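As the structure is a prediction and not an experimental result, all values here were calculated from the model.
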Amino acid sequence: MYALADCNNFFVSCERVFNPALNGRPVIVLSNNDGCAVSRSNEAKALGIGMGVPLFQVKDIVRKYKIAVLSSNYALYGDMSKRVHATLRQLAPAIEIYSIDEAFLDLRGLEHEDLGAFARRASALCLKNTGIPVSIGVAPTKTLAKVASKWCKNRPPMKGGYFLNSQEERERILRVTPVEDIWGIGRRFAKKLYENNVTTAWDFTQIPGEWVQKKMSITGWRTWKELQGEACIAFADHTPAKKQICVSRSFSKEIFDYEKLVEQVSLFTFMVCEKLRKQESVCSQAVVFVLTNRFKENVPQQVESRMVTFPVATSGTPEINQSVLRELSYLFRKGYGYKKAGVILSGILPRQAVQLHLYDTRDREKQDRLMQVMDEINTDMGPGTLSVATASTKGIRMSRQHLSPQYTTKWEDIPIVHCK
DNA sequence: TCTGGGGTCCTAGGACCC
DNA sequence: TCTGGGGTCCTAGGACCC
């Protein structure tokens with residue numbers, strides 16, 4: 001049996017923990033640059049604020065209903081996420097962190113317990129320990145656990161936990177679950193399924209497996225089998241190393257100036273190399289890409305990337321930075337307004353697996369020592385204390401006009417509580 | 001005016017090898 | 001007219017996730 005724990009309206013819930021005045025009110029949390037609504041309280045959902053809707057398109061509703069609007073505060077959400085995961089970890093033999101607001105639990109060994117009660121107890125404990133409401137579904141497969149978690153999400157009498165235990169329950173719930181709500185079925189396949197008169201999860205389980213395999217590939221077929229109760233998606237006990245690492249951002253305003261663009265892209269490179277070293281890896285390829293503002297018609301558009309390959313896999317910021325900036329110089333065009341840029345590292349290998357190169361002239365040992373010292377200083381004295389000279393020292397050009405304090409991670413932001 | 005960021009997996013097709 | 005067989009690796013594009 002598997003459990004899926006899913007935090008309700010996670011970003012909004014994090015904000016509410018530290019600002020209880022937000023309870024009972026419609027609240028939304030925005031994406032970077034205060035662009036789109038990416039987390040919504042139930043009240044905001046009820047007012048028709050869709051997932052991912054640009055703020056400017058709903059500003060009338062926001063004003064009319066006095067919706068509380070917040071910029072995203074990832075330092076806060078990341079820290080709260082860790083706390084929820086720490087609570088869950090105590091409850092089961094193994095945990096798989098699936099995303100910032102979701103985790104699977106392997107319930108092996110707990111078969112003889114009342115798993116419905118277990119789920120409700122786990123949910124209550126998360127709420128008590130962290131202040132975050134969590135919906136926990138238990139079922140024989142991951143996909144069904146997802147269904148079960150969604151099932152108890154907006155049904156308060158279920159107390160945040162549900163065990164999808166019998167064939168009858170499975171059929172009853174799948175019959176009222178729209179096919180597009182299934183984990184693994186996105187917009188495209190949902191459309192295709194509707195065209196074939198498949199509208200519910202139950203309908204989907206009733207179509208021939210060969211059809212699914214042919215039209216939706218092996219991944220769709222797994223989902224199909226998982227809904228029948230046959231587990232096909234393995235439990236991932238430990239987080240595997242990333243095969244690709246990316247840092248990219250949209251800018252609050254288009255950048256026309258080459259030097260300004262270099263500062264930003266260089267900062268992205270610095271950040272992405274830090275991530276790479278953190279997972280103790282090296283990379284053999286770097287891609288830099290730039291995008292103009294696709295929403296502005298009548299201005300010249302450019303969506304382009306360039307790749308560089310390293311003969312010896314590396315994680316050295318200066319080395320990667322140098323190559324990335326050289327490629328950027330080939331991409332840059334005067335008169336173009338760049339709205340977004342990013343750096344992707346791929347060809348990722350464990351640090352120990354580096355193949356040396358016969359004609360390598362770089363002192364790799366020295367470079368590694370330098371990076372180690374730089375990382376240590378930045379850990380001790382704060383991010384960005386040491387960087388590369390080409391990188392912006394003023395951070396990323398983003399706007400976050402509704403930012404809440406970093407209640408849990410930044411000393412100056414921790415509110416002072418006056419006791420009577 | 002304003003439109004997010006970071007990932008994974010699968011498949012088909014091309015380049016190349018002997 | 002007829003035009004080998006078997007394989008690997010890489011990439012782009014399409015699908016999905018939160």
task = Have a look at Phe104(A) and tell me which of Tyr2(A), Phe235(A), Tyr98(A) forms a ring-ring contact (aromatic ring centres under 6.0 Å, His included) with it.
result =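 Option passing the ring-ring contact (aromatic ring centres under 6.0 Å, His included) with Phe104(A): Tyr98(A).
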query = With nearest nucleotides of DNA chain B determined for Met51(A) and Thr219(A) from heavy-atom distances, which residue corresponds to the more 5′ nucleotide?
reply = Met51(A)
request  = Verify whether one side chain among Asn42(A) and Asn9(A) offers a donor that lies under 3.5 Å from an acceptor in the other.
outcome  =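 Yes, because at least one side-chain N or O of Asn42(A) sits under 3.5 Å from a partner of the opposite role on Asn9(A).
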task = Using a 4.0 Å heavy-atom cut-off across all strands, classify Gln57(A) as base, sugar-phosphate, or nothing.
result = nothing
key: Per Lys340(A) side chain, nearest of listed nucleotides dT3(B), dG5(B), dT8(B)   = dG5(B)
message = Students often get this wrong, so: under 4.0 angstrom with heavy atoms, is Val53(A) touching a base, only sugar-phosphate, or nothing?
response = nothing
task = Side chain of Ser217(A) only, please: which of dG5(B), dT8(B), dC10(B) is the nearest?
result = dC10(B)
inquiry  = Quick test of the criterion, 5.5 Å between centres and less than 30° between planes. Is Phe56(A) stacked on dT3(B) or not?
reply    = no
query = Quick one: does NZ or CZ of Lys225(A) land under 6.0 Å from the six-membered ring centre of Trp221(A), within 45 degrees of the ring axis?
reply =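 The answer is yes, since Lys225(A) meets both limits relative to Trp221(A).
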query = Arg222(A) near the nucleic acid: base, sugar-phosphate alone, or nothing, with a heavy-atom cut-off under 4.0 Å?
reply = sugar-phosphate
task = Just call it for Ile218(A): base, sugar-phosphate, or nothing, with non-hydrogen atoms closer than 4.0 Å on any strand.
result = sugar-phosphate
request  = Would you kindly check if the NZ (Lys) or CZ (Arg) of Arg333(A) is within the cone defined by 45 degrees around the ring axis of Tyr336(A) and under 6.0 Å from the six-membered ring centre?
outcome  = yes
request  = Would you classify Asp101(A) as touching base, sugar-phosphate or nothing, given that sugar-phosphate means primed atoms plus P, OP1 and OP2, and contacts are heavy atoms under 4.0 Å?
outcome  =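 If one applies the 4.0 Å heavy-atom cut-off, Asp101(A) turns out to touch the sugar-phosphate alone, with no base involved.
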task = Could you check whether Ile182(A) gets within reach of a base, just the sugar-phosphate, or nothing at all, counting any heavy atom under 4.0 Å?
result = sugar-phosphate
message = Heavy atoms only, 4.0 Å cut-off, all strands: where does Lys215(A) land among base, sugar-phosphate and nothing?
response = nothing
request  = Could you work out the separation of dC17(B) and dG4(C) based on their C1' atoms and round it to a whole Å?
outcome  =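 It comes out at 15 Å once rounded to the nearest Å.
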message = Students often get this wrong, so: under 4.0 angstrom with heavy atoms, is Ile245(A) touching a base, only sugar-phosphate, or nothing?
response =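 Sugar-phosphate contact only.
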Touch class at under 4.0 angstrom, heavy-atom based, for Ile185(A) against every strand present =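 Ile185(A): backbone/sugar contact only, no base atoms under 4.0 Å.
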Listed nucleotide nearest any side-chain atom of Ser248(A), set dC16(C), dG6(B), dG4(B) =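 The answer is dG6(B).
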inquiry  = Only pairs with both distances under 3.5 Å count, Watson-Crick or wobble alike; so what is the partner of dG6(C) in this structure?
reply    =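 The base-pairing partner of dG6(C), which may sit in any strand shown, is dC17(B).
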key: Single hit among Val388(A), Asn321(A), Val288(A) for side-chain contact (heavy atoms from CB on, under 4.5 Å) with Thr269(A)   = Asn321(A)
ask   = Which residue lies toward the 5' end of DNA chain B, Ser252(A) or Ala241(A), if each is placed at its nearest nucleotide?
value = Ser252(A)
inquiry  = So Lys191(A), base contact, sugar-phosphate only, or nothing? Heavy-atom distance under 4.0 Å.
reply    = nothing
ask   = Looking for any heavy atom pair under 4.0 Å, which part of the strands does Lys275(A) touch: base, sugar-phosphate only, or nothing?
value =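 Answer is sugar-phosphate: Lys275(A) comes under 4.0 Å of backbone atoms only.
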